[in-house]
Amino acid sequence: MPTTLRPPADTAERERGRHAVAALAAAVVGFFVITLDATIVNVALPTIRDELGGGMTGLQWVVDGYTLMFAALLLSAGALSDRIGARRAFGTGVVVFVAASAACGLAPGLGILVAARFVQGAGAAVVMPTTLALIREAYDDQARRARAVAVWASGGAAAAAAGPLVGGVLSELSWRLIFFINVPVGVVALLLVARTRPSPHRRVPFDRAGQLAAVAGMGGLTYGVIEAGAEGFTAPRVIVALAVAVLGLTGFLAVEARTAHPMVPLEMFRDRTMVIAVTVGFTFMIGFYGMPFVLSLYFQQLRGLSPMATGMAFLPMMAFSALLTPASSRLVRRIGRRASITGGLLLMAAGTMILAVLPPTAPLWAVAALMVPVGLGGPLVMPPLTAHLLDNVPAHRAGVAGGILNTARQIGGALAVAVFGALLAGHAGFLHGLRTSLFVTVAVLLSTIVVTPLLRRRHDTT
C-alpha cells in the first residue's frame, strides 16, 4: 500500500518559516521594550523625586543615564553583534537590560537608580542593532524583509505611543512598576530568540580607544551641562567635566583618523547627505525627546495633574504618531522625501512655537492638541531620512551609517534633557525655563529646515 511522504524540502521550508517568525517576534519585542523604557519614565519623574529626592539634577540623570550609555555604546554594539553573532548578542543585551530593570525597581536610593539606568542603557545599546540583524538573517527575500522591517518599526511606534500612558497608570500604583514591567517582557524576548537559528559570526576588530574616548567626551559634556544648571558654569566640577569632554572629543577624532578599523570612518562626513542626515537626526530628537521631558514636569508641577492624567495628555500626540507611521511610506511616495522631512520639521516647529507662547493657564485640551504636530514629525521625518541616507551610502557602509545616525539622535535627546533641565532649574524660575526651552527647540528646528533642501535628489521621488 503506497504511502505519501512529505518532501524534505517542504519540511525544511516550514522549519525555516518558523525560525523566521520567531526571529521577527523577538526583534519586535526587543525593540518595543527598549523604546518603551525611553518614553515611560518621563511621567514618573515627579513621583521618583518625591520618594528618592535629588531635585532637578537627579531627574535629569534618571533620563540621561539611560540615553547616554545607549548613545555611547551603540556603534560598538554592532561590532559585538558581528563578533559573537546576532542571536547571542541579542540574548546578552536582553539579560543585561532585564537585570538592570529589576535593579532600578529595587533601588533604595537615587544613586543606585541612576547607576542601574546606565547599565540599562548599555543593554539597550546591544539589543538595538541586533534586532535588525536578526531580521536580515531570517528573511532572504527582499520583499518579505521589507514587510518584516515595517512590522518592526510599528512595534517601536506602538511603544512610543504607549509609554506615557502606561507610565502614568503604573506610577499611580508605584513608580517602581515602570521598571519591573520590563522583566516579563524581556523573558518573552529570550524565549522567542531561543527558538531561532544560531547566527553566523565573524572576526571583527574592536575600536577600544575610540570607544573610551567617545564615552569620555559624551559623558563629560552631559555631566557638565547638567551640573551647570545647579552649580553654574564656573563651578570647578563643571569646568573639569567640560575639559574632559573637549579632550574626549579631540581624542576620538584623532583615534578615528589614525586607526585601521575606526568605529566612525571620518571620510563618510565628506558626503553632504551624511552630514545633513546626522544634523537633522540630532535636532529632531531635541524636539521629540526634550519636549516630553519639560511638559511632563509642567503638567504635574504647575498644573497639578496626576501621573495618569499626564499620560492621558500625551496620548493624542503619541497615538497620532503611531497611526501615521504605517501610512508614512505611501505619503512619502506622493510628496517626496525632502518635502516630507521639511514638512515634518515645520509641523514640529509650529506646534512648539504656539506652546511656547500659550498662557500657563491655557485649557489642557488645547495644550494636548498642540502637542500633536510635534508627534506627527516622527513618522514624517525619520523614516524618509533613514531611507534617503541608506540609499546614498555604499552598501558596505549602510550599517555604519545607520549606527551613526542613531547615535546622533540619542546624543540630541540626552543633551536636550541636560540643557532643558538646567534651564528649568535656573534662577529665573520654572515657567521662564520652560518657555526658553521651547523657544530653543523652535530655533534649532527652523535652522535645520534651511539645510534640508540640500539633500540630494538621487533616489528621491521629488
Side-chain angles (χ1 to χ4, degrees), residues 38-39 41-46 49 54-64 67-68 164 221-233 238 280-303 305 310 313-314 317-318 345-362 364 366-375 377-378 381 409-449:
T39 60
V41 174
N42 282 322
V43 296
L45 292 174
R49 179 177 56 192
M56 181 61 69
T57 300
L59 298 185
Q60 288 169 277
W61 278 116
V62 170
V63 177
D64 268 356
T67 310
L68 179 61
L221 179 59
T222 305
Y223 180 86
V225 174
I226 288 177
E227 291 299 318
E231 305 290 336
F233 280 97
V238 174
V280 173
F282 177 86
T283 57
F284 164 82
M285 284 298 283
I286 290 175
F288 201 75
Y289 201 74
M291 193 199 73
F293 173 75
V294 298
L295 289 184
S296 292
L297 297 175
Y298 159 77
F299 283 132
Q300 295 181 68
Q301 289 188 197
L302 292 189
R303 303 303 296 267
L305 268 62
T310 298
F314 278 100
M317 169 189 170
M318 296 302 188
L345 293 173
L346 278 172
L347 274 176
M348 294 177 68
T352 306
M353 172 64 80
I354 300 174
L355 285 169
V357 299
L358 275 182
T361 56
L364 291 172
V367 180
L370 288 169
M371 291 160 58
V372 170
V374 180
V381 174
R409 293 177 62 219
Q410 296 301 322
I411 294 172
L415 286 181
V417 171
V419 173
F420 295 169
L423 291 171
L424 295 177
H427 299 300
F430 183 92
L431 185 58
H432 181 271
L434 171 66
R435 293 188 187 281
T436 303
S437 299
L438 295 177
F439 279 129
V440 168
T441 301
V442 172
V444 168
L445 291 171
L446 290 178
S447 64
T448 305
I449 290 170

> Considering only heavy atoms from C-beta outward, does the side chain of Pro373 approach that of Met348 to under 4.5 Å?
Replying inline: no
> Once the angle between the rings of Phe314 and Phe299 is folded into 0 to 90°, is it parallel (under 30°), tilted (30 to 60°) or perpendicular (over 60°)?
Replying inline: perpendicular
> Are the side chain of Arg303 and the backbone of Leu297 linked by a donor-acceptor contact shorter than 3.5 Å?
Replying inline: no
>> Please report the interatomic distance CG(Leu423) to CG(Leu434), rounded to the nearest 0.5 Å.
In response: 10.0 Å
> Are the side chains of Thr448 and Leu445 in touch, meaning some heavy atoms are under 4.5 Å apart?
Replying inline: no
> Looking only at atom types and distance, does a side-chain atom of Arg409 sit under 3.5 Å from a main-chain N or O of Gly281, one as donor and one as acceptor?
Replying inline: no
> Can you find a heavy atom in the side chain of Val374 that is under 4.5 Å from one in the side chain of Thr352?
Replying inline: yes
> Which atoms form the tightest heavy-atom contact between Leu446 and Ala349, and what is the distance?
Replying inline: CD2-CB, 3.9 Å
> So how far is it from Leu68 CG to Thr222 OG1, rounded to the nearest 0.5 Å?
Replying inline: 4.5 Å
> Phe430 and Tyr298: which non-hydrogen atoms are nearest, and at how many Å?
Replying inline: CZ-N, 3.7 Å
>> Are Phe293 and Gln60 packed together at the side-chain level, in the sense that at least one heavy-atom pair is separated by less than 4.5 angstrom?
In response: yes
>> Just verifying a value: how many Å separate Phe284 CZ and Leu345 CG, rounded to the nearest 0.5 Å?
In response: 8.0 Å
> Do you know the tightest heavy-atom contact between Leu305 and Gln300?
Replying inline: O-CG, 3.5 Å
> Looking only at heavy atoms, which two atoms of Gly290 and Ala416 are closest? And how far apart?
Replying inline: CA-CB, 3.9 Å
>> Measuring only between side-chain heavy atoms, which start at C-beta, is Ile286 closer than 4.5 Å to Phe420?
In response: yes
>> Are Met291 and Thr441 packed together at the side-chain level, in the sense that at least one heavy-atom pair is separated by less than 4.5 angstrom?
In response: no
> How far does CE of Met353 sit from CG of Leu438, to the nearest 0.5 angstrom?
Replying inline: 10.0 Å
> How long is the span from the CD atom in Gln410 to the CG atom in Asp64, to the nearest 0.5 Å?
Replying inline: 10.5 Å
> How about Asn42 and Val63: do any of their side-chain heavy atoms sit closer than 4.5 Å?
Replying inline: yes
> Closest approach of Ala313 and Ala368, non-hydrogen atoms and distance?
Replying inline: O-CB, 3.5 Å
>> side-chain contact (heavy atoms from CB on, under 4.5 Å) for Tyr223 and Val238? Distances and angles first, verdict last.
In response: CA-CA 8 Å; Tyr223 180 86; Val238 174; over 6 Å; no
> What's the spacing between Arg435 CZ and Leu424 CG if we round to 0.5 Å?
Replying inline: 12.5 Å
> Is there side-chain contact between Thr310 and Leu295, with at least one heavy-atom pair below 4.5 Å?
Replying inline: no
> Would Tyr289 and Thr39 satisfy side-chain hydrogen bond (donor to acceptor under 3.5 Å, both in side chains), going step by step from the backbone distance to the final call?
Replying inline: CA-CA 8 Å; Tyr289 201 74; Thr39 60; over 6 Å; no
